[in-house]
Engineer: 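The structure that follows is given in the form of structure tokens.
All values below come from the heavy atoms of this structure, side chains included, with hydrogens, waters and symmetry mates left out.
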There are 2 protein chains.
Amino acid sequence: MDKNSNKTQNMQEMRHLFVVLSRQFGLLQKESSQCCGVTTIQSHILYEIKQGYHMTLNQLAQRLCLDNSTTSRHVHGLVEKEYVVRLPHPEDRRYVTLELSEKGKKLEEEITEMMTTSIMDMFKDLPEDKMTSMRTEIKDLTEIMRKSDICCYPPF
Amino acid sequence: MDKNSNKTQNMQEMRHLFVVLSRQFGLLQKESSQCCGVTTIQSHILYEIKQGYHMTLNQLAQRLCLDNSTTSRHVHGLVEKEYVVRLPHPEDRRYVTLELSEKGKKLEEEITEMMTTSIMDMFKDLPEDKMTSMRTEIKDLTEIMRKSDICCYPPF
DNA sequence: ATAATTAGTTGTATTTTGCAACTATTAAAT
DNA sequence: ATTTAATAGTTGCAAAATACAACTAATTAT
């Protein structure tokens, strides 16, 4: 049973790596967002709206794993600041599709710029091929995690 | 400048992978914690106390990137539920060192068990060598992110 | 001996959150 | 065709989380 205990140990190490990884990335997100004058969640919303095509509020809430109402309020804040516009769906007027305004697009790009710069900076001393292999493995890992049905909708 | 735009694209992909990764792992944490009757933050605290030796409250707050007071209250909740004990530091009575009670250790192990099982399940169809290379790359990535000084203290 | 510093707790106001109740719109059933 | 269900989204409300500031207790520096 030595093999099994070894596996358990590996999984615990994996868990630890995830803890560190997501905490550090969380910090990066927080920093970049606040630097641009919005909260982390608000920048998440901008990101999701940008990615998604004609996203509705409920879809957004599912993506963020937040309640309907909470999401509605966050969106409200972004609409007030004129980063997001609510458009009634032409086919079904119950739906509200969310789009970025020009101002919102600009802000989102600013945040993205900050984050990618930080990430680039992290990897600046890494050789090209190491970088490539890392990206490959992380891509595969992400796919595995995305597919595992934990709850809510995985981010596309 | 084709090389540069390629690099930017790679970084944006990286950012996206981080978003998915940390969101999915966040869900896993939430699920495992709540399943064991505590909040995500509380399980974080249990984990940190377990890892750290004679952790003090301020150290813990720094680890979690939370305010002193907020952390104090969370710890208070865990002490009330008898998962954590506060011990006065023998050398300096200002400090309070935090330790897991027997009950707390058991709970922490339960949460760990849940998480590692989930992670193991994710990887169940992955060949051994792929798993190994993945772990290696993630380990290196984590180390890179840990070293990048974003703010607060990186989790050891 | 006194002042300054440090660790941690508690008061208070703000923010975030989810549940439930509500409105508006569309789909289903009789 | 009219009534009933269901669905999308918003708002009221109470609970939880959070940070700042004021506080206590203990230690260190002057």
Engineer: Would you mind reading off the distance between B:Q34 atom CD and C:dG18 atom P, rounded to a whole angstrom?
Structural biologist: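 Distance check: B:Q34 CD to C:dG18 P gives 10 Å.
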Engineer: Side chain of A:S69: nearest nucleotide among C:dT10, C:dG8, C:dC19?
Structural biologist: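 Closest nucleotide to the A:S69 side chain: C:dC19.
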Engineer: Checking B:Q24 side chain against A:M145 main chain: does a donor-acceptor pair fall under 3.5 Å?
Structural biologist: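 Present.
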Engineer: My understanding is that a pair needs two contacts under 3.5 Å, Watson-Crick or G-U wobble. By that rule, which nucleotide pairs with D:dA5?
Structural biologist: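 Because no pair has both required distances under 3.5 Å, D:dA5 counts as unpaired.
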Engineer: Are B:M134 and B:L126 side-chain neighbours, meaning at least one heavy-atom pair lies under 4.5 Å?
Structural biologist: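 When only atoms from C-beta onward are counted, B:L126 and B:M134 do touch, with a gap below 4.5 Å.
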Engineer: Please report, rounded to the nearest Å, how far the C1' atom of D:dT7 is from the CD atom of A:Q62.
Structural biologist: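 Checked: the CD to C1' distance equals 13 Å.
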Engineer: Answer yes or no: is there a side-chain heavy-atom contact under 4.5 Å between A:L21 and B:F25?
Structural biologist: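 No, too far: nothing below the 4.5 Å cut-off.
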Engineer: For A:K81, what residues pass the salt bridge (Lys or Arg N to Asp or Glu O under 4.0 Å) criterion, not counting sequence neighbours?
Structural biologist: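 A:K81 satisfies salt bridge (Lys or Arg N to Asp or Glu O under 4.0 Å) with no other residue.
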Engineer: Does D:dA26 adopt a syn or an anti glycosidic conformation, taking syn as a chi angle within 90° of 0?
Structural biologist: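 Anti, which is what one calls it when the glycosidic angle falls more than 90° from 0.
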Engineer: In chain order, what residues pass the salt bridge (Lys or Arg N to Asp or Glu O under 4.0 Å) check against A:E108, with sequence neighbours excluded?
Structural biologist: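 Salt bridge (Lys or Arg N to Asp or Glu O under 4.0 Å) list for A:E108, sorted by chain: A:K50, B:R15.
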Engineer: Could you check which nucleotide pairs with D:dT30 in any of the strands shown, counting Watson-Crick or G-U wobble with both distances under 3.5 Å?
Structural biologist: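 D:dT30 is paired with C:dA1.
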Engineer: Can you check the B:L87 CG to C:dA7 P distance for me, whole Å?
Structural biologist: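 It is 18 Å, rounded to the nearest whole Å.
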Engineer: Any salt bridge between A:K106 and A:E109, counting N to O under 4.0 Å?
Structural biologist: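 Between A:E109 and A:K106 there is no salt bridge, as every charged N stays at least 4.0 Å from the carboxylate O atoms.
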Engineer: Scan side-chain atoms only and decide if B:N58 and B:T56 contain a donor-acceptor pair under the 3.5 Å cut-off.
Structural biologist: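 Result is no, nothing qualifies.
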Engineer: If I take atom CG in residue B:L57 and atom C1' in nucleotide D:dT24, what distance separates them, rounded to the nearest angstrom?
Structural biologist: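 In whole Å, D:dT24 C1' lies 15 Å from B:L57 CG.
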Engineer: Separation of A:Y95 atom OH from D:dA6 atom P, in whole Å?
Structural biologist: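 Nearest whole value for this atom pair: 15 Å.
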Engineer: With sequence neighbours excluded, what pairs up with B:E102 under the salt bridge (Lys or Arg N to Asp or Glu O under 4.0 Å) test?
Structural biologist: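 In terms of salt bridge (Lys or Arg N to Asp or Glu O under 4.0 Å), with neighbours along the sequence ignored, B:E102 is linked to B:K105.
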Engineer: Rounded to whole angstroms, how far apart are CE on B:M55 and P on C:dG8?
Structural biologist: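 Distance, rounded to whole Å: 11 Å.
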Engineer: Could you state the CG-C1' distance from A:N68 to D:dG12, rounded to the nearest angstrom?
Structural biologist: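 A:N68 atom CG is separated from D:dG12 atom C1' by 15 Å.
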Engineer: Apply salt bridge (Lys or Arg N to Asp or Glu O under 4.0 Å) to A:R93 and list each qualifying residue two or more places apart in sequence or on a separate chain.
Structural biologist: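 Testing A:R93 for salt bridge (Lys or Arg N to Asp or Glu O under 4.0 Å), a comparison that skips the adjacent residues, returns none.
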Engineer: Please check the phosphate of C:dT9 (OP1 and OP2 only) for any side-chain N or O of B:S72 closer than 4.0 Å.
Structural biologist: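 Answer is yes, contact under 4.0 Å.
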Engineer: At a cut-off of 3.5 Å, list every protein nitrogen or oxygen paired with a nitrogen or oxygen from nucleotides 25-30 of chain D, distance to 0.1 Å.
Structural biologist:
residue, atom, partner, partner atom, Å
D:dT27, OP1, B:R93, N, 3.0

Engineer: Give me, pair by pair, the N or O atoms of the protein and of nucleotides 14-18 of chain D that are less than 3.5 Å apart, along with how far apart they are.
Structural biologist:
residue, atom, partner, partner atom, Å
D:dT18, OP2, B:H74, NE2, 2.7

Engineer: Nearest-Å distance, CG (A:N58) to P (D:dA8)?
Structural biologist: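 That distance rounds to 5 Å.
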